[in-house]
Structure formats: C-alpha cells, structure tokens
Amino acid sequence: MSTSGQQQFRYTQTPSKVLHLRNLPWDCSDEELVELCKPFGKIVNTKCNVGANRNQAFVEFADLNQAINMVSYYASSSEPAQVRGKTVYIQYSNRNEIVNNQSPGDVPGNVLLVTIEGVEAGDVSIDVIHLVFSAFGFVQKIATFEKAAGFQALIQFSDVGTASAAREALDGRSIPKYLLPEHVNHCHLRISYSAHTDLNIKFQSHRSRDFTNPYLPVNPTAMEGLLQPVVGPDGKKKEPESNVLFASLENMQYAVTVDVLHTVFSAFGTVQKIAIFEKNGQTQALIQYPDLTTAAAAKDALEGHCIYDGGYCKLHLSYSRHTDLNVQAYSDKSRDYTVPESSLLAMQQASAVHAPPAVWHNPQSGPAESSAGYGAASVPGQAPTSHSSSWNPNLQGGGSTFPLAPTRYPGHSYAPPVPGYATAVNPPGSSQQINHNATDGRPFSVSQPFHPSTMPPGAVPPPGHAPYHGY
DNA sequence: AGCACA
C-alpha cells in the first residue's frame with residue numbers, strides 16, 4: 001500500500017496491453033495512433049486527445065506481448081517514437097483495458113434521444129413515434145421538442161436492453177413513408193442515448209406522453225395550437241376538431257357495448273371516457289381521447305367502417321362539440337377510464353363478487369368479447385409490399401404480425417369472435433380503402449399497437465407490456 | 001512529459 005501512490009511514476013510498472021502515450025499533438029487522431037502502433041500488433045481500441053492539454057492517448061493491443069514489443073522496441077531504439085515530428089513517450093498504462101472510448105451519447109441507457117431529420121415538428125406525431133418504437137418493447141414515455149438540431153424526441157423504455165435494441169435497429173433508418181405526410185421525402189432517425197433515466201412528463205399533450213399514467217391531466221395550453229382551424233393536405237378547411245368523437249352507429253345487428261367501443265377506439269390511444277345513448281332509434285356514442293391528434297387518427301381510420309363483418313354496426317364519425325364528457329364512471333352505457341385506479345379496482349372487485357363480470361368476459365355476446373381486439377393488434381396488412389427495405393422487424397419476411405400481440409388469454413381460451421372483427425383499419429395518413437370483405441373471421445388489424453394504458457381493468461396485457469395497475 | 005471516463 002505504501003508504494004501504490006508512486007508506482008505510476010516508476011519504470012517498473014507491470015506490463016499492460018494498454019499503453020499510455022504522452023506528448024502527442026493536441027489534435028492527434030485515432031488514425032495517427034494506429035499508424036504508430038500497428039507495426040507491433042493489433043490495436044483493438046484507442047483513446048486520444050486525453051488530458052487537459054489533449055496531448056495524451058491510450059492504445060490497447062489485442063495481446064499483451066504486442067504491447068511489450070512496442071515498449072521494448074522504443075526502449076532500445078535510437079529513433080524515438082514520433083507523431084508529426086514530436087517525440088512520443090510510451091509507457092504501460094496502469095489499467096488493463098481502455099474502459100470507455102464512448103462519447104456521452106454512446107453510453108447506453110433506457111432513454112433514447114432521437115433526432116428526426118428532414119421534418120418539422122408537425123409532420124411526425126407522437127403516435128407515429130410511439131408506433132415505430134413500440135416494435136421493440138413497451139414505450140413508457142415520449143417527450144418531443146424542437147431544437148437547433150431539428151425535431152427531437154426522448155423515448156423512454158423500461159430497460160437498457162430494449163432501448164439499445166431499438167437504437168441498433170433504427171439508427172440511420174427512416175420512418176416508413178406511409179406513416180408520414182406526403183410532402184415528407186426523407187426522414188432519417190439519428191439515435192443516441194440520453195443521460196436521462198426517467199422523463200418527467202407533466203401533461204399528456206401533442207408534445208409529450210406518459211403511457212404509464214393514463215390519468216395524467218391533459219395540458220390545456222398544450223392543446224391550444226391544435227384547436228386552431230386545421231387545413232388539410234388538400235388545402236380544404238376541416239370541420240372544427242375535438243378530442244371527443246361523436247359516433248353514430250348504423251345497422252345495429254349486434255349489441256355494441258362500452259367495452260367493444262373501448263377495444264376498437266383504444267387502438268389509437270388512450271380512451272378517457274365513453275358514453276353510449278339512443279337518439280331517434282339510433283345508437284350514438286361519444287368517445288373522448290386526451291388529445292385531438294389521437295381523435296383525428298381514430299376518426300380517419302375508422303370512419304365509415306364496420307365494427308363487425310357483414311356491414312353490421314357501421315361507424316359514422318364526426319367531432320363532438322364536447323371536449324370533456326361528464327359520464328358515470330362505471331355504468332352499462334358509460335365508462336370513465338380516468339377515475340382513480342383505486343375506485344376502479346374497488347368497482348371491479350365488487351362486480352366480481354356480486355355479479356358475473358359480464359362486461360369484461362362476456363361469453364354470450366360473441367362480438368362483444370372484450371379481449372378480441374387485443375389479439376388483433378398488428379402492423380397494417382399492407383406493410384409487406386409497401387416498404388421492402390423495411391427496418392421494422394414486424395414487417396420483415398412478409399409477416400405483419402405485431403410482436404406484442406398476445407396469443408393467449410389466461411382465464412379463458414381465445415376464440416375468434418363471432419362474427420369477428422373483420423374491419424381492416426388503415427395506418428394513419430393512409431388514403432387507401434379499408435378492406436370490407438375480409439371474411440376469414442380474424443380479428444381486425446389496427447394501425448397502432450394497443451397501448452397497455454388503455455386496457456380495461458382485468459384485461460391481460462400483451463407480453464412485454466407492463467399492466468398500468470401498479471404505476 | 002507522468003494515466004481518461006462517468
């Protein structure tokens with residue numbers, strides 16, 4: 001112990017495959033280091049521009065003997081080691097490997113910093129970002145912002161492994177064109193790691209989202225920009241938008257329950273509230289989302305389509321004048337998913353004890369099978385042909401099944417609903433027609449992965465998704 | 001000219 005503090009200044013250091021080089025040019029490059037050292041062996045790592053004067057460096061050889069060769073050579077050479085004419089002093093490092101040759105953005109973490117090049121903030125919605133990154137695991141939080149570097153997003157995964165998988169797969173790639181507005185030509189992702197581990201999302205808004213906390217309040221000021229009249233890509237003014245959709249249902253061959261609507265509309269984001277009512281013999285419903293963007297995506301994708309195959313329960317969607325529904329938290333015809341979790345759980349338990357939990361596990365109503373939609377979460381069926389150079393693991397090999405889609409439902413076996421969700425829903429931004437003719441009884445395809453935060457109490461989260469209960 | 005990085 002008495003010599004440890006001095007050992008580094010002695011010539012008797014123990015050999016290491018890492019060499020410490022001094023008196024280098026302040027702007028010495030890795031290439032110059034390699035040029036100097038490679039005659040003696042294989043260099044596996046370097047770190048240059050070290051120290052206050054940036055004139056030191058480390059070089060790591062693959063093998064200890066190679067480092068010894070270099071030190072021995074220059075110890076007895078008449079010509080000193082040189083870089084650009086400067087004598088370079090070489091010693092064994094007191095470490096056995098170069099421990100960190102990474103810039104901060106390369107230090108792995110569970111939060112990714114994504115720069116989306118070639119777009120403006122309005123071109124890529126949080127939902128698109130969420131869809132893209134959800135391919136790799138549960139996305140906990142997203143915050144977007146505009147900086148000099150461009151449009152950026154912080155994307156929080158639950159763990160480093162998932163984040164690095166997403167980075168590996170997506171860095172330098174592009175968001176598929178079909179997820180972007182038509183005027184966007186290129187959209188490269190530059191991904192590094194953020195130093196953050198847990199983003200502090202204050203509100204659900206068009207700029208930020210916390211998928212672990214569906215009850216987070218919606219920021220009214222964050223919504224203001226979206227409440228302006230919107231001009232569509234075709235230049236036409238759209239009707240006043242709202243975060244609440246008004247649905248009128250045609251051809252009500254089957255009962256449409258709150259849970260069915262929840263399943264269908266949750267494909268696009270957190271559904272906050274639902275109310276069903278009858279007017280002039282027609283079934284109507286109001287579906288509340290936290291934001292306009294989500295409502296618009298749902299409206300665009302679902303308008304004119306049928307909940308059930310065969311033209312039954314056809315949806316006509318428009319924007320409601322309401323922005324915040326006042327509904328009974330838990331009734332036959334309405335649901336408030338924003339009421340505190342404890343209340344929901346209490347109600348759920350009460351219903352489990354005193355009555356069959358028909359709303360969650362409804363065996364009779366076939367099409368009302370609440371879990372049906374969860375088996376259906378998939379990347380759009382058009383995917384395999386629409387982007388052959390796909391980066392998305394879901395879209396490769398012609399398969400279009402979303403990896404997070406569950407295949408089993410503990411507690412009851414999954415059977416395709418009768419008559420089954422057969423409505424294929426287009427991805428946001430797509431102008432293609434929806435396939436009305438699917439008759440294979442498979443659950444419908446949705447353009448978004450199901451958000452775990454939108455699952456009804458008692459539902460089983462898809463594998464890899466944490467249930468929101470407990471957050 | 002004498003040991004980095006978080």
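Computed from heavy atoms alone, side chains included, the values below leave out hydrogens, waters and symmetry copies. Labels below follow one simple rule: chain letters A, B, ... track the order of the sequence lines, proteins then strands, and each chain is numbered from 1.
Distance, N94(A) CG to dC5(B) C1': 13 Å, rounded to whole Å. Between the CD atom of Q82(A) and the C1' atom of dA1(B) there is a distance of 15 Å, given to the nearest Å. Straight-line distance from the CD atom of Q56(A) to the P atom of dC3(B): 6 Å, rounded to whole Å. Taking atom CZ of R95(A) as the reference point, atom P of dA6(B) lies 12 Å away to the nearest angstrom. Look at CG on D106(A): it is 21 Å from P on dA4(B), rounded to the nearest Å. Between the CG atom of L21(A) and the C1' atom of dA4(B) there is a distance of 13 Å, given to the nearest Å. Rounded to whole angstrom, the span from the CZ atom of F58(A) across to the P atom of dA1(B) amounts to 17 Å. Summarising the geometry, the separation between CD on E97(A) and P on dA4(B) is reported as 16 Å, rounded to the nearest angstrom.
For N23(A), counting side-chain heavy atoms from C-beta on, the closest listed nucleotide (dA1(B), dC5(B), dC3(B)) is dA1(B). Each of dA4(B), dC3(B), dA1(B) was ranked by its minimum atom distance to the side chain of H20(A); first place goes to dC3(B). Distance from the side chain of Y89(A) is smallest to dA1(B) among dC3(B), dC5(B), dA1(B).
The main-chain N or O of T338(A) is never found under 3.5 Å from a side-chain atom of Q272(A) such that the two would form a donor-acceptor pair.
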What verdict does the side-chain contact (heavy atoms from CB on, under 4.5 Å) test give for Y289(A) and L245(A), after you've listed the backbone C-alpha separation in whole Å, the side-chain angles of each residue and the deciding distance to 0.1 Å? CA-CA 8 Å; Y289(A) 286 107; L245(A) 294 179; 3.9 Å; yes

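Atoms CZ and NZ, on F265(A) and K299(A) in that order, are 11.5 Å from each other to the nearest 0.5 Å.
Toward the 5′ end of DNA chain B lies the nearest nucleotide of R22(A), the other residue of the pair N96(A) and R22(A) mapping further downstream.
Residues D123(A) and H183(A) bring a donor and an acceptor atom of their side chains to less than 3.5 Å of each other.
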